[in-house]
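One structure below.
Throughout, numbering of the chain's residues begins at 1 and tracks the sequence.
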Amino acid sequence: MSAPAPGEVPIVRRTHAAFGVSVFVVVHEAQRILLLQRAGTGWMDGYLSLPAGRHDGGETLHAAAARELREETGLEADTQRLRLIHLLHCEAGDHGKEWMGAFFLAERWRGTPRIAEPEKHDQLIWSAPDALPANTIPYVRQALEQGLAGLPYSHYGWT
């Protein structure tokens, strides 16, 4: 590639980021939220997270959130009633990968929460959102705090 002529703007070739998207559901009831304790996965076992999972493609983010909620807790939520409260852009540190997390608020649902994937979770707890347990996954804590405070976006893990 030759140098641009004086006064000419150089062409910069950029690559487009390709990264995964995960969905998280904040099940909110009577000033408390539902958390699941991870177990048997080999990643962050013993830590608490929200019902969550990867967006599989071929579905809206709302549909993915409702699906993950059902798969992990047995709860049914209408996609139209799930409200996006936070978008989290994460850099995965030692993996060198980045991903996006879409956090949805569910204030209405059907069913009784249960551990529907015992190979991934061993405990279901309700917690006050302003008093999250110390073993809450740090980026989940950040997104919860900011999303429930009305802040629509944050990033985590970037140096």
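Between Trp99 and His89, the distance separating the two ring centers is not shorter than 6.0 angstrom.
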Using atom types as modelled, flag every donor-acceptor pair under 3.5 Å from a side chain in residues 113-129 to any protein atom, sequence neighbours excluded.
unit_1: Asp122; atom_1: OD1; unit_2: Gln37; atom_2: NE2; d: 2.9
unit_1: Ser127; atom_1: OG; unit_2: Ala131; atom_2: O; d: 3.4

In residues 141-157, what donor-acceptor pairs under 3.5 Å come from side-chain atoms, sequence neighbours left out?
unit_1: Arg141; atom_1: NH2; unit_2: Pro133; atom_2: O; d: 2.5
unit_1: Gln142; atom_1: NE2; unit_2: Ser154; atom_2: OG; d: 2.9
unit_1: Gln142; atom_1: NE2; unit_2: His155; atom_2: O; d: 2.9
unit_1: Ser154; atom_1: OG; unit_2: His86; atom_2: NE2; d: 2.8

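Residue Ala102 comes nearest to Leu84 through the heavy atom pair CB-CD1, 4.0 Å, listed as atom of the first residue, atom of the second, then distance.
In this structure, the separation between CG on Leu75 and CZ on Arg110 is 10.0 Å, given to the nearest 0.5 Å. For the atom pair OG (Ser49) and CZ (Phe24), the distance works out to 5.5 Å, reported to the nearest 0.5 Å. Ile137 contributes atom CD1, which lies 10.0 Å from atom CG of Leu35 (distance to the nearest 0.5 angstrom).
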Derivation of the side chain to side chain contact (heavy atoms under 4.5 Å, CB included) call for Arg81 and Trp109: CA-CA 9 Å; Arg81 293 188 176 248; Trp109 62 89; over 6 Å; no

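Residue pairs meeting the ring-ring contact (aromatic ring centres under 6.0 Å, His included) criterion with at least one partner in residues 45-77, sequence neighbours excluded, are His62-Phe104.
The shortest side-chain heavy-atom distance between Val27 and Thr73 does not fall under the 4.5 Å cut-off.
Following chains of ILVMFWY side-chain contacts shorter than 4.5 Å, one can reach Leu48 starting from Met44, so the two form part of one hydrophobic cluster. Leu87 and Phe103 are assigned to two separate hydrophobic clusters, defined by single-linkage of ILVMFWY side chains at heavy-atom distances under 4.5 Å.
The environment of CZ in Arg32 is crowded: more than 12 heavy-atom neighbours from other residues, nucleotides or ligands sit within 6.0 Å.
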